[in-house]
Amino acid sequence: MAGPRVVIIGAGVVGASLADELSSRGWTEVTVVDQGPLPATGGSTSHAPGLVFQTNSSKTMTELARYTVEKFRSLDVDGQPCFLQVGGLEVATTPERLAELHRRHGWLASWGIEARVIGPDECVELHPLVARERVLGGLLVPTDGLAKGVLAVEAQLRAARARGVRTLGRHEVRDIRTEDGRVTAVVTDQGEVPADLVVCCAGIWGPKVARMVGMDLPLTPLGHQLAWTGPVPALAGQDREAVRPILRHQDGDLYYRDRFDRLGIGYYGHRPMPVDVDDILSVDAADEMPSVMRFTPDDFAEAWTETQSLLPATKETEVEEGINGLFSFTTDGLPLLGESPDVKGFWVAEAVWVTHSAGVGRAMAEWLVDGHCSSFDLHECDVNRFEPHQLAPEYVLARDCQNFVEVYDILHPLQPAGAPRPLRTSPFHARQQELGAFFLEATGWERPQWYAANEPLVEGRDIPVPNDWAARYWSPVVGAEAQATRETVAMYDMTALKRLEVTGRGAAAFLQRMTTANVDKSVGSVTYTLLLDHDGGIRSDVTVARLGRDHYQIGANGNLDLDWFTRHLPEDGSAQVRDLTAGTCCIGLWGPKAREVLQPLADKDFSNQGLKYFRAQRAHIGAVPVTAMRLSYVGELGWELYTTADMGLKLWDTLWEAGQGSGIVAAGRGAFNSLRLEKGYRSFGTDMTCEHDPYEAGLGFAVKMDKGDFIGRAALERRAADVTRRLTCLTIDDPRSVVMGKEPVYDGDRPVGYVTSAAYGYTIGKGIAYAWLPAELATTGRTLRLGYFDQRIPAVVAEEPLFDPSMQRLRG
Ligand code: FAD
Ligand code: THG
């Protein structure tokens, strides 16, 4: 079993890791090609200083880093270690940063990495060059350290070669051959290499290689300054390469590492220096390395002043050498992994740091060999996650530069990305502006969080003001809108909800295979169901509305759902899938008075019997043709009303006018999120991902094992029995103590899980936090503690849902 013929383009740390991981799984028909000499090819890996900080707000990224640390620790080249585990230290020079370090410590506790927030004295003890009076404290991660990038390449390529992998240095890939939409070969300057699968690990050259198969790869090579000092007298005689922890000083956009008696200094404070991929020099044309641009000392001036202040011993030396080195930035800071949507067999593993490289190698190997990745949840990193506008070169460049600027900034979880905005506006946008909407962004859509016009609603209500951090991107109006939804009726802009249409004679059979429920039901049925991966993990939760015998509308979570459906379409063309989102819009009309607003406008029966819960019908609302679906993520009577974009404004105005006598309000996403948590409705990507199966996530009710075969069914049979962890509902009594998500949960002092979603529940009068917990701790009434910055907030496991468990509101 040698596996298919794989060509890996690029022998940087990513390509080398992949070659090792593939061959260790028995795939040995692998060829690694690189335009540069091996193992120091001249790519980003060749000059990366190799700092590995595992801390990340993303669980997946932390896990990819943890695996990289573990693997590199076990590697050496002729006795030279590939990892120096000196620890990682981030220091705070402002109170805001110190608070941020506590928040970052929370992520590490959540993801299971040991770390401590330490005082200034201990910072200086660990890193004696640090000026005591500059720092307020630090975050210490003992398992962080320095990866020796080129050694790690060599060690992994050697291991791969020993299993039969071919490595070809100084072979430049010029083209990729395809036939019938499949890759067949890689064309190099020295001949062709036949291939069943091609994996592009070309780093900053990725967009150029992807273009060979017509694929847009949304990344930008950006220059980043790295300087080395001359000898630092205070370090004289240091005979080991590194003894002090790697150091980050985010308030100064700086990081540091030892190199014997010198220091390496990395800087992110300079102007963004994007480079067009076609302007990167060739291996032969470059003086040094193609991924290195000439150092520009003027851009480094502030960094050097700040360095001498934080590390006064550097006043005794100077900057001896430096580079403006190139590496990849993406629009959301995450890697690009997966298969091209158009060309079968063309895969990418791009925009990966040394820090995550071995983890990505393993993830890609599992994905290629097993058809899915079971060690990591990759949905955030999937190259097919983007909306069409997110592939526009102008968008990519603007966002990538912005991410460079913000790389060390303290970012609130709700903070929207800056320019370019606005991008996508629903037909209701003008009315929302008139109502004083405060907009945040959802996959490019401008979406109201609350409306200033509702400020008068706050009067006379008891809306608790949350703590400082949770009070950002918040207003008491959020609470008033939530309560008003339960009292009268509210309009929610649901346009950002991804809508797909599945049609064709084979549509029903196709969806039966893709989902966990029976969706071959009567026309007019709506079904809440799951998409599972082959290993039984949750890929998405969707609603499937049957609008005709051969016509379904899917309420989905994002572009990955469209990608997943498209990849699985029947070969015989009997089903098609199409994204309806951009050309249509949706208003959720919900609340006890929803019927009194809608019925007089409608030409169809919207009574309880006329359109039952989880049924859909076409109707006219005044002059507007709609598809109405009776369901509600906020847990109230009402309908999602869909129409085409051209009629959207008319729909809004018609409902708005008709609702005036019933006290109708426009309500925003802040209220929406609070209401859905009161009702216990999960949100894919936050509450559950492909790491989780339906039973653990409390979604076993959406799986119908007796319906016939579907993707993931066989794996579920094995998983059903052993639920060892549960998505659990907790409540918080103190109304000021609102958490945001990703906080650790402690049993006593032991971290036992992490928060997924959280909000204040304005109907139940308590804070709500959903969290993953070991099953044995998920028992009603148990008190646990949430780690919030430097505090511990008591939270109690509660029976869910917290609101209307008997479904009287929805079925009324
Ligand atoms: P590369 O190492 O660039 O490998 C890509 C390979 O593809 C190259 O060898 C190239 O020759 C080959 N290739 C491209 N096109 C072709 C073609 N057409 N034909 C054949 N071969 C081709 N990361 C960290 O984790 N920690 C750090 O401290 C850190 N510091 C950094 C400091 C600087 C100054 C820079 C520039 C980057 C730093 N990084 C750091 C980022 C890190 O270096 C990169 O993200 C990582 O090395 C990328 O690895 P790669 O294998 O994807 O790319
Ligand atoms: N509306 C539509 N599609 C969607 C969503 C939506 N797709 C994506 C996402 N949101 C899916 N999430 C949910 C979560 C819960 C419900 C609907 C969509 C829901 N659940 C009922 C319950 O659990 O009580 C279903 C009960 C049943 O199976 O009958 O309503 O907001 N269109």
Side-chain angles (χ1 to χ4, degrees), residues 8-18 32-53 65 68 146-147 149-150 153 168-174 186 188-189 200-206 208-209 212 221-226 246 255 257 264 266 280 283 289-292 323-328 335 349-357 360 494 497-499 517 526-529 540-545 553-557 561 586 588 613-614 629 631-635 640 642 676 679-684 699 701-702 801 807 810:
I8 297 173
I9 303 175
V13 70
V14 175
S17 291
L18 178 58
V32 184
V33 292
D34 201 295
Q35 63 197 6
L38 305 178
T41 61
S44 305
T45 306
S46 302
H47 52 70
L51 290 82
V52 175
F53 288 96
T68 305
L146 281 169
V150 176
V153 168
L168 304 175
R170 296 199 176 279
H171 280 60
E172 186 190 336
V173 174
R174 297 258 169 95
V186 164
T188 77
D189 55 353
C200 173
C201 304
I204 53 173
W205 292 269
K208 197 169 166 181
V209 174
M212 296 172 188
L222 276 129
H224 157 55
Q225 289 198 304
L226 174 68
I246 54 172
Y255 65 79
R257 59 157 288 182
I280 303 172
V283 176
M289 295 177 190
S291 63
V292 167
I323 58 171
N324 293 356
L326 290 173
F327 74 114
S328 307
E350 286 284 338
V352 178
W353 289 23
V354 174
T355 301
H356 310 105
S357 58
V360 165
M494 297 292 286
L497 179 84
K498 187 93 166 171
R499 289 173 290 287
V526 182
T527 310
Y528 173 69
T529 183
S540 192
D541 66 335
V542 299
T543 55
V544 177
Q553 183 171 319
I554 316 278
N557 283 302
D561 294 337
C586 178
Y613 183 54
F614 264 81
M629 292 184 204
L631 65 112
S632 167
Y633 211 66
V634 304
E640 290 176 350
Y642 296 89
R676 71 115 180 147
K679 195 71 187 89
Y681 290 160
R682 279 87 169 118
S683 175
F684 176 80
L699 295 171
F701 72 87
M807 305 284 283
L810 284 161

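In listed order, ligands and their atoms are each counted from 1.
The nearest heavy-atom contact from the protein to atom 34 (C) of ligand 1 is H224 CD2, 3.5 Å. The protein heavy-atom contact nearest to atom 4 (O) of ligand 1 is G12 CA, 3.5 Å. Of the protein's non-hydrogen atoms, the one nearest atom 49 (O) of ligand 1 is T45 OG1, 3.3 Å. Protein heavy atom closest to atom 39 (N) of ligand 1, with residue, atom name and distance, is A48 CB, 4.0 Å. Of all protein heavy atoms, the one lying nearest to atom 23 (O) of ligand 2 is Y681 CE2, 3.3 Å.
Ring orientation note: the planes of Y633 and Y681 are tilted relative to one another, at an angle of 30° to 60°.
Residues meeting the side chain to side chain contact (heavy atoms under 4.5 Å, CB included) test with T45, sequence neighbours left out: V13, V153.
Comparing G15, G50, S44 by heavy-atom distance to atom 3 (O) of ligand 1, the nearest is S44. Counting heavy atoms only, V352 comes closest to atom 44 (C) of ligand 1 of the residues V360, V352, L51.
At under 3.5 Å, a nitrogen or oxygen of V14, whether backbone or side chain, sits near a nitrogen or oxygen of ligand 1. Residue-to-ligand polar distances place D34 within reach of ligand 1: an N/O pair is separated by less than 3.5 Å. Note: an N/O pair closer than 3.5 Å links Q35 and ligand 1 by distance alone.
Taking every non-hydrogen atom of L326 and a distance limit under 4.0 Å, the qualifying atoms of ligand 1 come out as 36 (C). When each atom of ligand 1 is checked for a heavy atom of E172 under 4.0 Å away, the hits are 19 (N). Annotation for ligand 2: atoms under 4.0 Å from non-hydrogen atoms of Y633 are 10 (N), 12 (N), 13 (C), 14 (C), 18 (C), 31 (O). For ligand 1, the atoms lying closer than 4.0 Å to a non-hydrogen atom of T41 are 8 (C), 9 (O).
Once rounded to the nearest 0.5 Å, the distance linking CG of L226 with OH of Y255 reads 5.0 Å. L168 contributes atom CG, which lies 8.5 Å from atom CG of L38 (distance to the nearest 0.5 angstrom).
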